[in-house]
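Note that this is a predicted model, so its numbers are computed, not measured. Residue numbers begin at 1 in each chain, while the letters A, B, ... track the order of the sequences.
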Amino acid sequence: SYLISFSLQQRIEIHKLRQGDNLILGFSIGGGIDQDPTQNPFSEDKTDKGIYVTRVTEGGPAEVAGLQIGDKIMQVNGWDMTMVTHDQARKRLTKRNEEVVRLLVTRQSLQKAVQQSMMS
Amino acid sequence: KIEPLKVTVDFLKVPLGLKKPPLKEALAALPGKPKSHILERHKSRRSDAMDNESQYSGYSYKSGHSRSSRKHRDRRERHRSKSRDGTRGDKSVTIQAPGEPLLDNESTRGDERDDNWGETTTVVTGTSEHSISHDDLTRITKDMEDSAHLDCSRHLGVALGVALALLAFLTPLAFLLLPQLLWREELEPCGTPCEGLFISVAFKLLILLLGSWALFFRRPKAFFPRVFVFRALLMVLVFLLVVSYWLFYGVRILDSRDRNYRGVVQFAVSLVDALLFVHYLAVVLLELRQLQPQFTLKAVRSADGASRFYNVGHLSIQRAAVWILENYYHDFPVYNPALLNLPKSVLSKKMSGFKVYSLGEENSTNNSTGQSRAVIAAAARRRDNSHNEFYYEEAEHERRVRKRRARLVVAVEEAFTHIKRLQEEDQKNPREIMDPREAAQAIFASMARAMQKYLRTTKQQPYHTMESILQHLEFCITHDMTPKVGGVRYLMAGPTIQYHKDRWLAKQWTLVSEEPVTNGLKDGVVFVLKRQDFSLVVSTKKIPFFKLSEEFVDPKSHKFIMRLQSETSV
């Protein structure tokens, strides 16, 4: 067997839903460079201070678009999300003039699936 | 050596009178006792008291010391005769108490024979007044010769020290007086300076006297097997000092009849100064050097594994041994041989089930080891349930002890509620007023049975005679102690010194060591203090060298942040 190293990422396009005066995406985030990474239940590496998806509301736009709980958000509309504070991440996701956000996410289950298929 | 001593033990079963009449009276009394139930019991109890006497005539550390005053010895004798009378007074008390006696014949006889054998083997030194004085000496001459030799050397040491001290003390005075006596007319007159020097000599000698009294004139706490090195060193030093001063004095001053008296006085003052410095050296060597802890000694009792740790400084092995012994008597629980063995019902017959037959080989030399190994292996493989029995036996015993303990505690509490201190305003008729002894006897009756049962279950009954219990109760009542104190002493085995001294304190220990006992302690030294039925194994460990480093913490540096994991919904 041979070792291929690449990061598996998925692009997800979420259309925001208008609820009254707000545009909501339908998920919750946790993490950030100002947060405590050891309390993150989803990260494999406990020093990872990236932004993770901690909850996905049922039937919301995020679930419809294919976002899953535990996903790590790498980019939002081209903006890097791996080295931002929690508040900066929130702001980038909730810009009032954007109706669509394109996320670049990575998840462990993807990587594991590929590894297994490679080995078999 | 055992056989002649056995004879003496039998003979010693009479109180060794310091005055003749009690001896004769006891001798007359002893065979003539009627074989009544109660009094037979007391014969066994009196033999406890007998053994006290034989014990005391042993290597009592107080005996034979020339410096111990008559006063001390007389006081001790009076105390001992008082305690003897106390135990003989048991008779009257028992008759009042109900029920069975506190001491069984069977339970104590074996124990006391075991325990007190050790004491009786060291019986006679022939040096103290307490020892068998008149007729019996002829029987035991051999022992006397052996031990007299040792005590001779001790006497010698003491006498030598005293002589040296006297010599050193009187020398300056001699230095001062001799010119006055021998060639008074030729001396230059020496006025004020000399008188000043006389005063200083007087006070320095007084200080030296007091200091020597404080440092040296103390009752030795033990007899060491070997010479105490530092003391010997100091004596040699003092001797050399005095001799050299005398030499100088004799040659330069006496022979030439020096006329300068002031010089002579100054010479004498310098001797006194030198003696004071030697005294300072003695304080440092004998007292101060061992104070700073350098070693940790672990003392383990071989019989039941009780162990303690002690910190000591630089001591020789023999001094460390005495230190350990001094602490042993108040730290270690009393040695109770009855508690050591597993009950017979538990120890099953392990090895006896197998017989080994050898087939074929007749002349195999290593057959025996092979046989025993086979037996051991087979016995190990056999299903052995003795641990089960042990476990259940232990649990049962534990339950029984707890039940009896509860009964004892309740009995003691109830007994103590009946006694109240007499207040001034209480009007009671004189017949009802009791002194502590009578009060103790009054309440003892109600708790006697519970106490006896408890002591028997925990196998402590040899340690508590009726007399000792009554004394303890009297003590508690006099000092207004709660029933908890009155009872707690019996609940557990305490340190050895708590029990009646004469019976349980042994004074003869043997020091077993691979290195000479005057060597100092070093890391890894092991020595053993042996008694008849158990021994104390002492091992040394050096206290490690601690490297302490400093870290400065600024009080303003204590700052904290919140570590969050917030979750925001978008």
Could you walk me through whether Thr457(B) and Arg404(B) pass the side chain to side chain donor-acceptor pair (under 3.5 Å) check?
CA-CA 8 Å; Thr457(B) 315; Arg404(B) 294 212 169 154; 2.6 Å; yes
With a 4.5 angstrom heavy-atom cut-off, which part of Thr94(A) approaches chain B: side chain, backbone, both or neither?
side chain
Would Arg399(B) and Glu396(B) count as a salt bridge (charged side-chain N to carboxylate O under 4.0 Å, His left out) here? Give the steps.
CA-CA 5 Å; Arg399(B) 204 180 58 85; Glu396(B) 180 61 35; 3.2 Å; yes
Applying a strict 4.5 Å limit to non-hydrogen atoms, the region of Leu25(A) in contact with chain B is both
Tell me, out of Ile29(A), Thr38(A), Ile24(A), Thr57(A), who's got the most heavy-atom pairs with chain B below 4.5 Å.
Ile29(A)
Kindly indicate, with the supporting measurements, whether the criterion side chain to side chain contact (heavy atoms under 4.5 Å, CB included) is fulfilled by Arg55(A) and Glu567(B).
CA-CA 9 Å; Arg55(A) 238 179 337 126; Glu567(B) 194 185 354; 3.3 Å; yes
Heavy-atom distance under 4.5 Å between the side chains of Glu13(A) and Val100(A), does that happen here?
yes
Side chain, backbone, both or neither: which part of Asp34(A) has a heavy atom under 4.5 Å from chain B?
neither
